[in-house]
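The block underneath contains the structure these notes are about, expressed in structure tokens.
If you're wondering where the values come from, they're calculated on a predicted model, not measured in any experiment.
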Amino acid sequence: MAASIASELLTDHQSEFTAALIGAVATLLASYLAFRLQSAREPRKRLVWNAKTQGAGIDIDSDIRQRIQLLYRGSPVDELTLIEFHVENAGNQVIRDHQIRFEFPPTAALVDAHCSPEPDRELGVERRTSLEQSRSEVIYGLGQLESGQGVTFKILASGQGGERWRPISYSPEGGVQFIEGSVIRTANDSEHVVPFCFSAFLLMALAGLGASGLVRNLSVMPKIAIGVIALIVVGFALRHLAPAVRFVRDVMLKWYETRSANEITVQGSVSALSVGDHSSATQMGESGSRGG
């Protein structure tokens, strides 16, 4: 009789513990979802840009190079740099009367700038030549960009150092984030690390609950509830898995690149000359090493 009463009390305690665990997990998941929904609704003005820079230098013998002149639309050019720049409204607010200035070093000059493809005229994209103060810069205005709309610019520069350009954002109203795509991706990926660790912890807790044998003595409904919660947590973890892994990978690569930059081994010096289909190279015998 006493053993039966003790068994019933134990079963009651197990049911209470399981119900409390299910309630805690459901509350945490609901709180996180409410936080994410509130964050998504917050007003945000954000321009995200991505760029691709290509060089087109003439790699031939200096004597031959002096006899060659490269022309673009009838004007002499040298050390060409082509930039493909895409900017997009990645926020949830309309961006109006925004300006982007592309600045090049004084040794480089603008050759050509245009939009490709040509944007709809309702976007109000225009080049503001009256504001440009030198041949080393080009200024574009964005009349209005709705969320998700974007523009692609193609800019051609001539001269040394053309690859050392930079975009400068300006908005009379202010409050517009201007972020490079790789930076915003890393920031977005970092936001998935904590939710993934949280979901992994919940999965381990549920697995421990099942291994302890407490679930075996429960009725059907609590078992179903635990199974449903486990499936929700698994889906939650899978949603955050790829970004979390990508963030950890990027951090490790950055750490490895920083470490490699501090440990450079130099073995001799190589000079090479290439003309047509013939090439020659000489290597000097000195060797050394440098560590940061």
Side-chain angles (χ1 to χ4, degrees), residues 24-25 28-29 31-40 42 44-55 81-92 100 102-103 105 147-148 150 152 161-169 176-211 229-270 287-292:
V25 171
L28 289 173
L29 288 176
S31 301
Y32 176 77
L33 291 176
F35 170 75
R36 296 292 296 181
L37 290 174
Q38 182 180 359
S39 300
E42 290 180 355
R44 182 177 61 250
K45 290 185 176 182
R46 176 181 292 171
L47 287 175
V48 175
W49 62 271
N50 292 280
K52 182 171 63 175
T53 303
Q54 296 178 333
T81 302
L82 176 63
I83 300 163
E84 186 174 340
F85 183 93
H86 179 78
V87 60
E88 181 176 327
N89 183 356
N92 53 14
I100 301 177
F102 299 91
E103 183 184 71
S147 179
T152 301
E163 70 281 357
R164 297 195 304 271
W165 63 279
R166 63 175 185 142
I168 302 171
S169 170
V176 178
Q177 298 176 328
F178 189 68
I179 311 174
E180 186 178 358
S182 59
V183 175
I184 194 65
R185 193 199 73 176
T186 302
N188 289 339
D189 288 347
S190 66
E191 296 178 356
H192 292 267
V193 175
V194 173
F196 174 74
C197 294
F198 170 70
S199 57
F201 171 77
L202 287 181
L203 283 176
M204 287 189 293
L206 292 173
L209 181 64
I229 290 179
L231 290 176
I232 293 174
V233 173
V234 169
F236 188 75
L238 291 177
R239 181 181 180 275
H240 297 283
L241 175 60
V245 171
R246 190 165 56 228
F247 174 76
V248 173
R249 181 203 63 187
D250 291 343
V251 170
M252 294 299 295
L253 285 176
K254 187 175 181 180
W255 174 81
Y256 179 77
E257 290 172 357
T258 303
R259 182 180 178 185
S260 300
N262 294 330
E263 298 180 1
I264 302 175
T265 302
V266 181
Q267 296 183 349
S269 58
V270 179
S287 64
S289 63
R290 181 178 56 176

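- A heavy-atom distance below 4.5 Å is found between the side chains of T81 and T53.
- Using a 4.5 Å heavy-atom cutoff, the side chains of R46 and I179 are in contact.
- Distance check: Q177 CD to R44 CZ gives 7.5 Å after rounding to the nearest 0.5 Å.
- Two residues are said to be in side-chain contact when any heavy atoms from C-beta on lie closer than 4.5 Å; E84 and Q54 fail this criterion.
- Taking the side-chain hydrogen bond (donor to acceptor under 3.5 Å, both in side chains) definition, one finds that S147 meets it with nothing, sequence neighbours left out.
- Contacts of E163 classified as salt bridge (Lys or Arg N to Asp or Glu O under 4.0 Å), with partners at least two apart in sequence or in another chain: none.
- For the pair L47 and E88, the minimum side-chain heavy-atom distance is 4.5 Å or more.
- Among residues two or more places apart in sequence or in another chain, the side-chain hydrogen bond (donor to acceptor under 3.5 Å, both in side chains) test is passed with W49 by none.
- Residues V48 and A90 approach most closely at CG2-CB, 3.5 Å, considering heavy atoms.
- Applying the side chain to side chain contact (heavy atoms under 4.5 Å, CB included) rule to V234 yields the partners L203, L238; only residues at least two apart in sequence or on another chain are considered.
- The closest side-chain heavy-atom distance from F102 to I83 is not below 4.5 Å.
- By the 4.5 Å heavy-atom criterion applied to side chains, F85 and V87 are counted as neighbours.
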